Amino acid sequence: MSAADTTTQTGGGRRLDFHVLGPVLALIALIVLGTLINTNFLSPGNITNVLARSAFIGIIAVGMTFVITAGGLDLSVGSMAAFIAGLMIIVMNATMSVMGVGLMTVIVGILTALVAGLAAGAINGLLITRGRIEAFIVTLGTMGIYRSLVTWLADGGTLSLDFDLRTFYGPVYYGGILGVTWPIIVFALVAIVGEIAMRQTAFGRHCAAIGSNDQVARYSAVHVDRVRTATYVLLGLLVGVATIMYVPRLGSASSSTGLLWELEAIAAVIIGGTVLKGGFGRVWGTVIGVLILSLIGNILNLTDVVSPYLNGAIQGVIIILAVVMQRGTNVSR
Amino acid sequence: MKHITKAALAATMLTALPAVAQEQESATIGVSIPAATHGWAGGMNFHAQQAVEQLGERYDNLDFVLSTAPDPGQQVNDIEDMVAARGIDALVVLPFESEPLTGPVASVAEQDIWVTVVDRGLSQENIEDLYVAGDNPGFGRVAGEYFVENMPDGGQIVVLRGIPTTIDNERVEAFQQAIDGSGIEIIGMEHGNWNRDDAFTVMQDFLSRHGQIDAVWASDDDMAVGALAAIDQAGRDDIQFVLGGAGMKEMIQRVMEGDEMVPADVTYPPAMIATAIEMTALNFVGSAPVSGEFIIGSELITQENAEEYYYPDSPF
């Protein structure tokens, strides 16, 4: 409620500022609302929980920002995360029987996740650029493929990491430096590097150019296919990174792992101000978008006022509001 | 469980008389179940496949068609294909959802095809010849009684609910009735959707919100796994125990080993699909009547009897 109030007031003033600041104001409004509802909202424990659980979608959404900015889309990331998690667990359990519980086993697992992520991203990217197939169709296909593969790997059940190995690997999710846990640190690093890459590097500018108009970009000597493929490979790699954080949390993967992550990531990117049609991307906005989405869930869990059945409805309203705001600005441009 | 043993016994008796079986005309039995979208459904898929394999070997005159559907629409298609293309004589169906499957299954029943409905009842009565199901109110009641017995002085508990469905509502209502007047107060209740990750998140937030939680009814073993991880992470020692449900092998193992946080479990056996398939098969190979309703009770598993419920080979 108060999110909408705040943004409307600002919108009356200057449109462009409102476009940039809208998500930030929504985030601040949610934080104020949370603090009013429950005094534990700002406790270090709750803040850590929210940031750490945002990290999976967040890391993926940073990659998704580049894909969408370059005019693409990837629906396969949730299934891909589930498949990589399943693969990682199988490989780590197998390595453990040879090398035992130790650093080497974890490193093998991490390498598996990174290589699998790179490969999966490259498959998507090459099918789209070399195969000349719509991104929507390619990633819809791979979405189904990875989801089936993880169900098949798990024999319809749940793949579990060996208990001792999970205890050894657990600190990657639960541990950290000076009270800041690893998922939060990695999410922050990915976001900072992503922001710099988007704003300061040729890669970021090429993504925006391709998303605006790929013909013009091609005539401007941008390697359109190469850059486009690179965005999917980068996203795949980041899905691998997110999975490395995800597996130690509960030590398991099943067919319900990562369900709808792709839509949450896309929603976060759009809320953050990146244009769905491509041509303009904002990594820090994506980070705000991810935080908004997880805070809505968190606040609803901390109160009994709103039925939990309405969680999706509230998220939906916020996503639509964010797009309405973008529309307004584009018209005024 | 008792009933399952009976059905299995009856089946064994019939195999002892192979002459009877071979005189029968051949029949095709279609089995349509939801795909393995969560742990329990995975276990159910496993038991369905096993039952179909074993029965196919045991009775030469029976043919089986097994299909798994990711959504209700696909399940309707599967059933139509089974009738049209395979000419099934019997259908064993675990409806994805009651409402959308009622019409299609009713039209199958009208074509003189034997219909066995499993677990989720149809919205209209008297369509099926045989109904095999778990006892959802019983599942909630047994859990509630366990809380009353083990928290004689009352206390504050939180409840993790499943995917919003009739099944979940029946369980929770029966649970609330069972703890009514015992001094046990539910201070938080949210949907964890029978999912580990969701349950982990919800439990984290419950722990932030409430300084004192005496026990957790996770109402499902997958959710219990998530809740236990969140409690571990928070390092809280006010929670005395977490009660799950369904009978996942890892949880049964913890009950067997006397884990203080997991002192018990409540059954809701995914193997009920095997009971249904076996009883349907009996209709075609024997003369014993098998129509009617068949409710498989929810039982309390404690350290004493945990071994009986431990299936290490099942994926669930």
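Please read these numbers as outputs of a predicted model, since none were measured by experiment. Naming convention: chains lettered A, B, ... in sequence-line order (proteins, then strands); numbering from 1 in each chain.
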Chain B contact via [X] - side chain, backbone, both or neither, heavy atoms under 4.5 Å:
X: A:F163; answer: neither
X: A:T158; answer: both
X: A:F41; answer: neither
X: A:T151; answer: side chain
X: A:S160; answer: side chain

Determine whether more than 12 heavy atoms belonging to other residues, nucleotides or ligands lie under 6.0 Å from atom CD of B:Q253. yes
Take a 6.0 Å sphere around OH of B:Y310 and say whether it holds more than 12 heavy atoms from other residues, nucleotides or ligands.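 Enclosed: over 12 neighbouring heavy atoms sit under 6.0 Å from OH of B:Y310.
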First locate atom [atom1] of [X], then atom [atom2] of [Y], and finally report the distance between them rounded to the nearest 0.5 Å.
X: B:N195; Y: A:T257; atom1: CG; atom2: OG1; answer: 7.5 Å
X: A:N301; Y: B:Q204; atom1: CG; atom2: CD; answer: 10.0 Å
X: B:D205; Y: A:N298; atom1: CG; atom2: CG; answer: 4.5 Å
X: A:L250; Y: B:R196; atom1: CG; atom2: CZ; answer: 7.0 Å

Is B:R209 close to A:N38 at the side-chain level, that is, under 4.5 Å between some pair of heavy atoms?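 With C-beta onward as the side chain, the pair touches.
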Before you tell me yes or no, could you show the steps for B:Q233 and A:T181 under side-chain contact (heavy atoms from CB on, under 4.5 Å), namely the whole-Å CA-CA distance, both residues' side-chain angles and the distance that decides it to 0.1 Å? CA-CA 12 Å; B:Q233 182 208 15; A:T181 60; 5.9 Å; no
Flag the one option from B:V202, B:L207, B:D198, B:T68 with the top tally of heavy-atom pairs under 4.5 Å to chain A. B:V202
Before you tell me yes or no, could you show the steps for B:T201 and A:N49 under side-chain contact (heavy atoms from CB on, under 4.5 Å), namely the whole-Å CA-CA distance, both residues' side-chain angles and the distance that decides it to 0.1 Å? CA-CA 8 Å; B:T201 309; A:N49 286 346; over 6 Å; no
Proximal component of B:D197, with respect to chain A [non-hydrogen, under 4.5 Å]: both
What part of B:Q49 is in contact with chain A, defined as an atom under 4.5 angstrom from a non-hydrogen atom: side chain, backbone, both or neither? neither
Using the salt bridge (charged side-chain N to carboxylate O under 4.0 Å, His left out) rule, collect all pairs that involve residues 291-303 of chain A, keeping only residues at least two apart or in two chains.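 Passing the test, one end in residues 291-303 of chain A: no pairs.
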Pairs flagged by salt bridge (charged side-chain N to carboxylate O under 4.0 Å, His left out) wherever residues 33-46 of chain B is involved - sequence neighbours left out: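 For residues 33-46 of chain B: none.
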Results of ring pair (Phe, Tyr, Trp, His ring centres under 6.0 Å) for A:W182 - residues two or more places apart only: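 For A:W182, no residue satisfies ring pair (Phe, Tyr, Trp, His ring centres under 6.0 Å) once neighbours in sequence are set aside.
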Applying a criterion of heavy atom separation less than 4.5 Å, what residues of residues 210-228 of chain B form contacts with chain A?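 The residues closer than 4.5 Å to chain A, in numerical order, are B:D222, B:V225, B:G226.
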